[in-house]
Amino acid sequence: MKQHLSQLLSEALQALKAQGVLPVDTDIAISVERTRDRSHGDFASNLAMVLSKIARRKPRELAEQLIAALPPSGQVRNVEVAGPGFINFFLTTEAYHNAVAQALELGQAYGRSQIGAGQSVQVEFVSANPTGPLHVGHGRGAAYGATVADLLDALGYKTHREYYVNDAGRQMDILATSVYLRYLDLCGVELTFPSNGYKGDYVWDIGASLHRKYGDELKYSAAELFEGVPADAPADGDKEEHIDGLIERSKILLDATRYREVFDLGLDSILENIRRDLEEFGVHYDEWFSERSLADTGAVTRAIERLQQSGYTYEKDGALWFRSTDFGDEKDRVMVRDNGQTTYFASDIAYHMNKMERGYARVIDIWGADHHGYVPRVKAALRALGDDADKLDVLLVQFAVLYRGGEKAQMSTRSGDFVTLRELRQEVGNDAARFFYVMRKCEQHMDFDLDLAKSESSDNPVYYIQYAHARIASVFRQMQEKSLQWDNAAGMENLGRLSEAHEDALLVSIARYPEVVEVAALQHEPHQLAHFLRDLANEFHTYYNAHQFLVEDAALRNARLTLIKAAQQVISNGLNLLGVSAPDSM
RNA sequence: GUCCCGGUAGCUCAGUCGGAUAGAGCAACGGCCUUCUAAGCCGUGGGUCGGGGGUUCGAAUCCCUCCCGGGGCACCA
């Protein structure tokens with residue numbers, strides 16, 4: 001509709017140019033927006049105000065001329081000038097009835113479109129280190145990323161959902177060593193667990209699996225293990241040096257092959273856990289991309305070489321640096337350390353180079369807000385490689401803080417003291433969790449109120465919306481009990497009978513739904529859809545309380561049932577896009 | 001110190017990339033259940049849009065500056 005109206009305005013513009021009212025070279029983007037206030041019509045354009053300076057005419061006068069030049073349209077009932085020079089469009093009732101017909105004919109497809117025209121978009125999200133179960137902070141990235149991908153999918157983009165698995169690096173070595181130490185404990189070896197190790201119960205579980213598989217085969221004494229290892233922090237030592245020492249000793253005692261088996265057991269167990277968790281949360285991936293594979297396939301080396309050829313690198317203090325400051329970064333970054341090991345950043349350059357090579361039209365990275373300092377250097381690397389860094393959108397998700405009874409819940413993977421995503425899902429349910437996570441703009445800090453998410457009352461927006469859907473289903477059940485019929489064709493015929501303000505509001509919302517999906521998708525803002533659904537549910541509940549649907553008058557009854565059926569379809573489709581179920585009864 | 005994100009009703013948040021009298025939900029107060037689920041609805045009160053400058057027909061929105069909260073500034077991942 002927006003497009004249709006701006007097309008009309010565009011033709012009017014051409015006409016005024018031909019008349020000499022406007023310079024022929026006038027080039028302007030025509031903006032048509034939904035009005036906030038129904039008394040201002042359905043859509044409004046500020047075109048006349050924007051052009052008034054160029055045309056050297058008063059906005060209202062110019063608006064009159066534009067209106068006079070508008071070609072006729074079957075969708076538009078009236079056009080008027082208002083306020084300082086707005087052009088307000090009033091749509092015909094047929095335009096709205098058409099939306100109802102669309103909702104019912106298209107069903108689940110209503111709101112979907114082909115705006116994306118099959119362009120490929122990669123969405124990478126969550127990508128939490130596989131060093132422990134997902135916690136509630138990851139949950140927000142999961143819900144947000146999945147919804148952004150689903151929204152883009154609804155617009156006809158070809159989406160590729162990806163999880164970057166950090167299966168290399170020091171954190172994973174710490175995990176492997178933590179698992180090994182728990183295993184030794186199960187073998188009866190007495191030892192003090194390092195302060196910097198992973199202490200969660202899941203590490204014991206993996207240690208137990210290891211023990212089941214190998215028995216005492218990997219057993220070494222505490223003396224052998226701690227030989228030459230620097231003291232831990234509580235004993236006046238350094239916890240980092242201590243854990244690094246333990247990693248080294250573990251590698252030596254176990255040898256490369258067996259160490260790798262311990263390492264992989266930890267990795268696979270946790271990854272499997274994460275995978276299942278996300279799957280149950282309705283978050284599906286097309287690909288789990290291994291960081292280790294980048295080194296194995298030589299992609300990291302190739303990325304570094306390409307950067308060296310580009311001339312944006314130099315050596316200093318025995319390390320190889322990337323001159324990211326040439327592209328606006330705060331400081332230059334190391335790619336290869338003085339000990340010869342590549343940095344995480346080097347892997348990330350290779351990973352993004354790989355994404356670009358795969359030829360996506362757009363690449364979206366969804367990161368925790370604590371990684372925002374990382375954006376400039378990744379974009380810098382892409383520019384240095386000669387790639388189009390503007391293809392990459394990095395969306396930053398702020399942390400979610402859980403509240404229970406006003407009390408803040410602490411979380412830290414290392415200490416093992418945290419609320420996992422699974423615990424959250426079990427406590428409040430998938431629906432509430434998915435909805436609450438996307439209720440707020442992603443860059444907004446979020447207070448996640450567990451008590452509210454659990455409450456089965458109108459305070460809880462999820463229940464409120466689902467209840468609207470269930471209530472409509474209930475009306476149709478009642479209809480059958482009363483041996484009444486719903487004739488959709490007759491309903492469509494009689495939509496003209498719907499003259500109540502409540503009905504008008506629902507008609508507008510039904511028609512607006514595809515626009516909401518479009519904006520929410522293109523701006524990566526699922527919260528807009530969440531708010532829309534809340535408003536739509538409110539409009540329905542209000543209507544429900546004010547009027548009977550199952551009335552004697554068959555024509556009116558059919559019209560009302562057709563209307564609420566369309567509303568139900570919209571609620572169902574919207575909830576579905578958010579990963580929330582739409583139950584028929586509650 | 002510097003950079004990023006926030007600061008809108010008592011609370012939690014919207015505000016459609018400059019538009020028409022700043023909105024919603026909770027909370028508070030007052031009403032509505034022999035009627036399709038009261039898991040609902042109706043009504044009332046509540047605001048210097050953090051402060052101060054500026055840009056223009058017009059600013060919560062853009063620019064400058066200051067204040068407050070959170071985060072980032074590794075040869076960690």
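Since this is a predicted model, take the numbers as computed values, not measurements. Letters A, B, ... mirror the listed sequences (proteins, then strands); counts begin at 1.
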Looking at side-chain heavy atoms only, is the closest gap between [X] and [Y] below 4.5 Å?
X	Y	result
A:Leu395	A:Glu443	no
A:Leu563	A:Ile510	yes
A:Phe327	A:Arg377	no
A:Leu575	A:Ile465	yes
A:Glu124	A:Tyr163	no

For residues 365-376 of chain A, which side-chain donor-acceptor pairs fall under 3.5 Å, sequence neighbours excluded?
unit_1, atom_1, unit_2, atom_2, d
A:Asp365, OD1, A:Lys355, NZ, 2.7
A:Asp365, OD2, A:His352, NE2, 2.5

With distance as the sole test, does [X] use its side chain to make a donor-acceptor pair with the main-chain N or O of [Y] at under 3.5 Å?
X	Y	result
A:Arg557	A:Val551	yes
A:Ser572	A:Gln568	no
A:His469	A:Pro583	yes

### Query
Is it the case that more than 12 heavy atoms not belonging to A:Lys454 sit under 6.0 Å from its NZ atom?
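Atom NZ in A:Lys454 is packed in, count exceeds 12.
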Tabulate atom names and distances for all N/O pairs under 3.5 angstrom spanning the protein and nucleotides 42-46 of chain B.
unit_1, atom_1, unit_2, atom_2, d
B:C42, OP1, A:Thr542, OG1, 3.3

### Query
So does A:Arg337 get a side-chain nitrogen or oxygen closer than 4.0 Å to the phosphate oxygens (OP1/OP2) of B:C76?
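Yes, because at least one side-chain N or O of A:Arg337 sits under 4.0 Å from OP1 or OP2 of B:C76.
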Please name the pair of heavy atoms, one in [X] and one in [Y], separated by the smallest distance, quoted to 0.1 Å.
X	Y	value
A:Pro130	A:Ile274	CA-CD1, 4.2 Å
A:Arg140	A:Gln398	NH1-O, 3.0 Å
A:Ala468	A:Ile571	CB-CD1, 3.9 Å
A:Ala505	A:Glu539	O-OE1, 3.6 Å

### Task
Compute whether any side-chain donor of one residue and acceptor of the other, for A:Asp431 and A:Gln466, lie under 3.5 angstrom apart.
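Their side chains do contain a donor-acceptor pair, which is all the 3.5 Å distance test asks for.
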Name the nucleic acid region contacted by [X], choosing base, sugar-phosphate or nothing; use a 4.0 angstrom heavy-atom cut-off, strictly under.
X	answer
A:Ala546	nothing
A:Asn46	base
A:Ser585	base
A:Tyr544	base

### Watson-Crick/G-U partner (both atom distances under 3.5 Å) of B:C26
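Matched B:C26 with B:G10 under the 3.5 Å cut-off.
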Whole-Å [atom1] distance, [N] and [M]:
N	M	atom1	result
B:G1	B:U44	P	49 Å
B:A24	B:A9	C1'	11 Å
B:A39	B:C33	C1'	14 Å
B:G54	B:G72	C1'	31 Å

### Euclidean distance, atom CZ of residue A:Arg377 to atom P of B:C75 [Å, nearest integer]
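Result: 9 Å.
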### Euclidean distance, atom CZ of residue A:Arg440 to atom C1' of B:A24 [Å, nearest integer]
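To the nearest whole Å, that distance equals 11 Å.
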### RNA chain B contacts made by residues 514-530 of chain A, counting heavy atoms under 4.0 Å
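Listed by number, they are A:Gln523, A:His527.
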### Task
Pull out every residue in residues 472-486 of chain A that has a heavy atom closer than 4.0 Å to any atom of RNA chain B, ordered by number, or say none.
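Contacts with RNA chain B under 4.0 Å: A:Ser474, A:Val475, A:Gln478.
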### Message
With nearest nucleotide decided by heavy atoms, which residue, A:Arg471 or A:Asn166, maps closer to the 5′ end of RNA chain B?
### Response
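The residue mapped nearer the 5' terminus is A:Arg471.
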### Query
Starting at the 5' end of RNA chain B and moving along, which residue's nearest nucleotide shows up first, A:Lys316 or A:Met446?
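Per heavy-atom nearest nucleotide, the more 5' residue is A:Met446.
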### A:Met335: which of A:Thr342, A:Asp348, A:Leu320 passes side-chain contact (heavy atoms from CB on, under 4.5 Å)
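With A:Met335 as partner, A:Thr342, A:Asp348, A:Leu320 yield a single side-chain contact (heavy atoms from CB on, under 4.5 Å), made by A:Leu320.
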### Message
I want to verify the glycosidic state of B:C13; is it syn or anti under the 90° rule?
### Response
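This nucleotide is in anti.
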Protein and nucleotides 2-8 of chain B: nitrogen or oxygen contacts under 3.5 angstrom:
unit_1, atom_1, unit_2, atom_2, d
B:C5, O2', A:Glu443, O, 3.1

Taking only nitrogen or oxygen atoms into account, show me every contact under 3.5 Å that the protein makes with nucleotides 20-22 of chain B, one pair per line with its distance.
unit_1, atom_1, unit_2, atom_2, d
B:A20, OP2, A:Arg36, NH1, 3.4
B:A20, N6, A:Asn88, OD1, 2.9
B:A20, N1, A:Asn88, OD1, 3.4
B:A20, N1, A:Asn88, ND2, 3.1
B:U21, O4, A:Asp37, OD2, 2.6

### Query
If you measure from OG1 on A:Thr35 to CZ on A:Phe86, what distance do you get to the nearest 0.5 Å?
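One finds 10.5 Å between OG1 of A:Thr35 and CZ of A:Phe86.
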